[in-house]
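Read through the structure below, which is laid out as structure tokens, and then see the notes.
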Amino acid sequence: MSISQFSNRLNISVLLFVIYYLQGVLYPSGSIISQTSLLALIIIGAYSLVETILRKNPTVIWIWILFTLMLTITFIASPMKVHNNIGITLNTFSQFKGMVVFTLSFFITYIAALQNNFSTYYLTFLFFIFFIISITRYYFSVNLLSLEYDSFTNNTGYLITYILPFIPIIIKKYKLIGYISLCIAGTLIISSAKRGAILCLLIAMIFVLLYYYKTHRISLKSIFLLIILFAGASTFLYYNIISNEYLLSRIDPSKNNFTSSRDVIYLSLFRYWLEDTSLWHILFGNGISASVWIAGNYAHCDWLELLVDNGLLGVVLYALLFISLFRYIYLSNEDTSIKYAAYTGLTIWLLQSVISMGYTEIGGVMNNFLLGIIIGNIVKDRKNLSCTNI
């Protein structure tokens, strides 16, 4: 099946996402072009969500639906603005925008996968589109930051991590291209000096090694090649890190503000929830962006953000979402490369949920597009198998 035949809705969504991330590069940031493209993406996602709700779905999909609806209801029931302890006012829609684009993007590709047969060629196409966009944003950010700073942390390093889940699929079809892409991505992520992004890179490299081990027969040759691959990856990481003095200062625990003050924010948020006497707030939270007026900033940890914003309900639903996704993929009969791609994406998302922000990041759409296709294909295969056995 050709790219044009795969799904018009999906192709349009990918195009809208690309247009949005080209803001500042091809046209001014925050212009009507970026806002219109994002709004259109949300509308397509909302339509796909309604379509999904009207279908017979497995439990994993209903958990994702409930999580999305919970975030939406919380936003509607919350004030439009929040104020932190130094008088700065923030619009809650800015955070909700990231949440809703992130969650709804999954349903776009989920529906597309149910209605069409995806191929490795299409996933390869998505990979290169997202890789090009990520690299473009990366160097655009480098150019801006280099005008003001000699050494800096490039937050778009996280954007590169969202293409890493595609690597096992690319390696299976185009081995050399896959490994070269991983090396390029690794170099950029290390150069970004984002510690969380580097941890995501390490996770991706571990899954690539596991994928190699899983798909090759155990022999002296395969063990030897695996050792070489591991040694090469380790050497690559080591020399890239030691050649970056700014990064070395960032990962030195003895340096001031090693935790970027997040330990203070974490303690403040957890203590607030623990000492709250309102059963409603404990169970259902204080509303979207509550972390801002409680601790002065966003939590930069999904679990604490959900705890104060959505209470125990939010934390439980989020945990169930991860558990159900991992379990559903593990029990599937998908190709090994597809499974390891999904494992990589989910593990990176889980890591980001602990040390940074996961479900509020628009860049995570790239990961969710892949997950939606994989889960949709598993659901479709199981339905076809069930019909065959009747």
Side-chain angles (χ1 to χ4, degrees), residues 7 10 45 48-71 99 102-120 122-123 126 162 164-169 172 200 203-204 206-207 210-211 214-215 302-303 306 313-354 358-359 364-389:
S7 173
L10 176 53
S48 300
L49 171 62
V50 173
E51 266 196 281
T52 304
I53 292 174
L54 296 176
R55 287 175 173 268
K56 185 178 180 180
N57 302 294
T59 303
V60 61
I61 300 301
W62 285 113
I63 294 173
W64 199 308
I65 290 171
L66 289 174
F67 183 71
T68 304
L69 294 178
M70 178 199 68
L71 295 176
M99 293 177 183
F102 178 90
T103 56
L104 291 179
S105 61
F106 171 85
F107 298 105
I108 295 173
T109 51
Y110 173 69
I111 291 294
L114 290 179
Q115 297 175 346
N116 304 270
N117 294 319
F118 78 89
S119 66
T120 303
Y122 188 84
L123 292 179
L126 283 184
Y162 295 125
L164 296 177
F166 287 86
I167 296 294
I169 299 172
K172 181 184 178 181
C200 292
I203 286 173
I206 290 171
F207 275 110
L210 290 174
Y211 170 69
K214 188 76 172 179
T215 55
D302 284 356
W303 303 95
L306 285 166
L313 174 65
V315 172
V316 170
L317 274 179
Y318 204 42
L320 287 175
L321 182 57
F322 278 111
I323 293 169
S324 61
L325 283 167
F326 273 111
R327 182 176 181 274
Y328 200 72
I329 292 164
Y330 176 77
L331 295 176
S332 73
N333 295 317
E334 286 297 294
D335 180 80
T336 304
S337 65
I338 298 296
K339 278 192 171 185
Y340 274 82
Y343 291 151
T344 304
L346 285 173
T347 308
I348 286 175
W349 176 13
L350 181 60
L351 175 63
Q352 289 180 345
S353 76
V354 176
Y359 73 98
V365 166
M366 292 184 281
N367 193 8
N368 280 355
F369 273 174
L370 178 60
L371 283 175
I373 290 175
I374 292 173
I375 298 296
N377 191 64
I378 296 172
V379 172
K380 181 176 61 180
D381 288 345
R382 288 188 175 183
K383 286 182 178 180
N384 290 340
L385 181 62
S386 177
C387 292
T388 302
N389 293 332

Worksheet entry | Pair W64, T103: side-chain N/O donor-acceptor within cut-off below 3.5 Å |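 Judged by distance alone, the side chains do not pair up.
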Discussion item. Test your reading of the model: is there a side-chain donor-acceptor pair from T109 to the backbone of F369, 3.5 Å cut-off?
Written reply: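 Pair found, side chain donor or acceptor close to backbone of F369.
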Practice prompt. Give a yes or no on whether the backbone of N333 and the side-chain of K339 come within a donor-acceptor separation of less than 3.5 Å.
Written response: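 No; zero donor-acceptor contacts below 3.5 Å.
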How long is the span from the [atom1] atom in [X] to the [atom2] atom in [Y], to the nearest 0.5 Å?
X: I203; Y: T344; atom1: CD1; atom2: OG1; result: 9.0 Å
X: S105; Y: L370; atom1: OG; atom2: CG; result: 11.0 Å
X: L69; Y: W62; atom1: CG; atom2: CH2; result: 9.0 Å
X: Y110; Y: N377; atom1: OH; atom2: CG; result: 11.0 Å
X: I206; Y: T347; atom1: CD1; atom2: OG1; result: 9.5 Å
X: Y340; Y: F207; atom1: OH; atom2: CZ; result: 7.5 Å

Examine [X] together with [Y] and report whether their ring centres are nearer than 6.0 Å.
X: F322; Y: Y318; value: yes
X: F102; Y: W349; value: yes
X: F67; Y: Y359; value: yes

Fill in: Contact check, side chains of F106 and V365, non-hydrogen atoms, under 4.5 Å
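Answer no - side chains too far apart.
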Fill in: Min side-chain heavy-atom separation N117-K380 under 4.5 Å
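N117 vs K380: side chains touch.
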Worksheet item: Does the side-chain contact (heavy atoms from CB on, under 4.5 Å) test come out yes or no for L346 and I329, once each step is laid out?
Response: CA-CA 10 Å; L346 285 173; I329 292 164; 3.6 Å; yes
Looking only at non-hydrogen atoms, find the nearest pair between [X] and [Y] and report the distance.
X: G345; Y: N367; answer: O-ND2, 3.0 Å
X: L306; Y: G314; answer: CD1-O, 3.8 Å
X: G376; Y: L114; answer: O-CD2, 3.3 Å
X: L164; Y: P168; answer: O-CD, 3.8 Å
X: S337; Y: I169; answer: O-CG1, 3.9 Å
X: Y328; Y: R382; answer: CE1-NH1, 3.0 Å

Worksheet item: For the side-chain contact (heavy atoms from CB on, under 4.5 Å) test, which of V379, D381, I374, I378 pairs with S332?
Response: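 It is I378; the other options fail the test.
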Practice prompt. Quickly, which of I108, I111, I65 forms a side-chain contact (heavy atoms from CB on, under 4.5 Å) with L49? Name it, please.
Written response: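 Going through I108, I111, I65 one by one, the side-chain contact (heavy atoms from CB on, under 4.5 Å) with L49 is satisfied by I65 alone.
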Fill in: Pair K172-T336, side-chain contact (heavy atoms from CB on, under 4.5 Å): steps then yes or no
CA-CA 9 Å; K172 181 184 178 181; T336 304; over 6 Å; no
Practice prompt. Go through the steps for I338 and L123 under the test side-chain contact (heavy atoms from CB on, under 4.5 Å), then give the verdict.
Written response: CA-CA 10 Å; I338 298 296; L123 292 179; 4.1 Å; yes
Item to complete: Could you walk me through whether L317 and L313 pass the side-chain contact (heavy atoms from CB on, under 4.5 Å) test, one step at a time?
Response: CA-CA 6 Å; L317 274 179; L313 174 65; 4.1 Å; yes
